[in-house]
Amino acid sequence: FFQSVTLRTAGFASFDQAGLTEGGKAVSILFMLVGGSSGSTAGGAKTVTIMVLLLFIGTRLRGRTTVTVFKRSVLPEKVMDAMMIVSVMVGLSLFGAIVICTPSPVSFLDGLFEAVSALATVGVTAGATVSLSIPAQLLMILFILGKGKFHIKEYKKDTLFIVLSGVAMGTSWMFLYEAYQQIGVSLSSLLYYCGPVIVMILSPLIFREKLTAPKLFGFATVLVGIFLVNGNATQSSSNPWGLFCGAMSAVMYFFMVTLN
């Protein structure tokens, strides 16, 4: 489970990716291409884009022309955007793999793994990075730098919040990785993703939002889930520093989201 999440978000390698079988690497490549959800800092084509593309394929297989979901139609422009994004991602990945493999002593699958990891801004490696030639390394750098643009001049008033948000994100990851070392991946990750729950709890005070019944139900469900999944681990853990780091990673996650 953690592997499927980290390949679409932070790229934290909990084990040596070079030990994956060819099938495991292929599945990992698919996860990295899909990426995270819209609005997040994750890379990839995004889950919503992939879902729109799958809905379009299902619609055409049924002989229909209009893509609908939950009794709502998807604009044809959005469908074309999804097809364009996925096509460009796949095309650049294949092109990058070819460029990487041609001058470097790596297999095509490992080259594709490295190219997709750079293009989707994941950061994991199958062990081929050290064997890449200078042109292949430059290509990976271009993939990473070409993912976005800087808009500081357009949002001068928000510069302070952007900087503080970045500091909060970096601090959150520092606490999270220390928690990984102290109390393990499962409990640390669960504590880390309590950050959005804190945002939801404090939203009436910070954002003047109303706590509706669905929000309260979701909050209660999260608390019950935390207790059921890791209740024993929390009680049996004799490492207060690890628990503190996990909790602080969630707090810094809260500040990152709030400042954004």
Side-chain angles (χ1 to χ4, degrees), residues 1-2 5-6 8-12 35-44 46-49 51 70 72 78 121-123 147-180 182-231 233-235 237 239-260:
F1 172 76
F2 180 78
V5 174
T6 191
R8 298 184 297 109
T9 52
F12 179 79
S37 296
S38 301
S40 70
T41 57
K46 296 295 190 293
T47 54
V48 176
T49 302
M51 180 55 65
F70 300 119
R72 295 179 180 273
K78 299 300 181 182
T121 61
V122 178
K147 284 290 291 182
K149 298 180 180 179
F150 297 97
H151 301 281
I152 296 297
K153 295 182 179 180
E154 300 176 14
Y155 303 98
K156 292 182 179 179
K157 296 181 180 180
D158 300 323
T159 301
L160 177 61
F161 293 102
I162 294 173
V163 172
L164 292 178
S165 177
V167 172
M169 181 175 65
T171 307
S172 176
W173 285 357
M174 291 173 62
F175 278 118
L176 177 63
Y177 294 154
E178 178 64 20
Y180 283 157
Q182 299 294 330
I183 58 177
V185 172
S186 60
L187 183 56
S188 301
S189 299
L190 195 61
L191 290 172
Y192 174 68
Y193 286 108
C194 286
V197 179
I198 301 176
V199 175
M200 184 176 63
I201 296 174
L202 298 180
S203 60
L205 298 176
I206 300 175
F207 305 114
R208 305 300 181 184
E209 294 183 357
K210 295 182 179 180
L211 274 180
T212 60
K215 289 184 178 181
L216 291 174
F217 176 76
F219 172 61
T221 303
V222 170
L223 291 181
V224 173
I226 292 175
F227 177 78
L228 293 177
V229 173
N230 276 304
T234 305
Q235 296 174 2
S237 177
N239 194 333
W241 170 245
L243 294 175
F244 172 78
C245 289
M248 285 303 299
S249 69
V251 172
M252 299 311 297
Y253 192 127
F254 156 76
F255 280 113
M256 179 191 69
V257 174
T258 303
L259 290 169
N260 271 324

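Every heavy atom of this structure was used, including side-chain atoms; hydrogens, water molecules and symmetry mates were not.
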* Under 3.5 Å, side chain of Ser249 to main-chain N/O of Ser172, donor-acceptor pair present? -> no

* **Test item: Glu209 and Pro204 side chains (from C-beta on) under 4.5 Å apart, heavy atoms** => no

* Asked: Distance from Met252 atom CE to Cys245 atom SG, nearest 0.5 Å?
  -> 12.5 Å

* Structure fact -> Between the CE atom in Met169 and the CG atom in Leu259, the distance rounded to the nearest 0.5 Å is 12.0 Å

* **Spatial distance of atom CD1 (Ile201) from atom CD1 (Ile206) [nearest 0.5 Å]** => 11.0 Å

* **Nearest-0.5 Å distance, OH of residue Tyr193 to OG of residue Ser188** => 12.0 Å

* With a 4.5 Å heavy-atom cut-off, do Leu191 and Ile183 have their side chains touching? -> yes

* Structure fact -> CH2 (Trp173) and OH (Tyr253) are apart, to the nearest 0.5 Å, by 10.5 Å

* Residue Phe255 excluded, over 12 heavy atoms near CZ under 6.0 Å -> no

* **From CE (Met248) to OG1 (Thr171), nearest 0.5 Å** => 8.5 Å

* Atom CE of Met51 with >12 non-hydrogen neighbours under 6.0 angstrom -> no

* Asked: Side chains of Phe175 and Val251: closer than 4.5 Å at any heavy-atom pair?
  -> no

* Within a radius of less than 6.0 Å around CZ of Phe217, do more than 12 heavy atoms belonging to other residues, nucleotides or ligands occur? -> no

* Any donor and acceptor pair, going by atom type alone, linking the side chain of Ser203 with main-chain N or O of Met200 inside 3.5 Å? -> yes

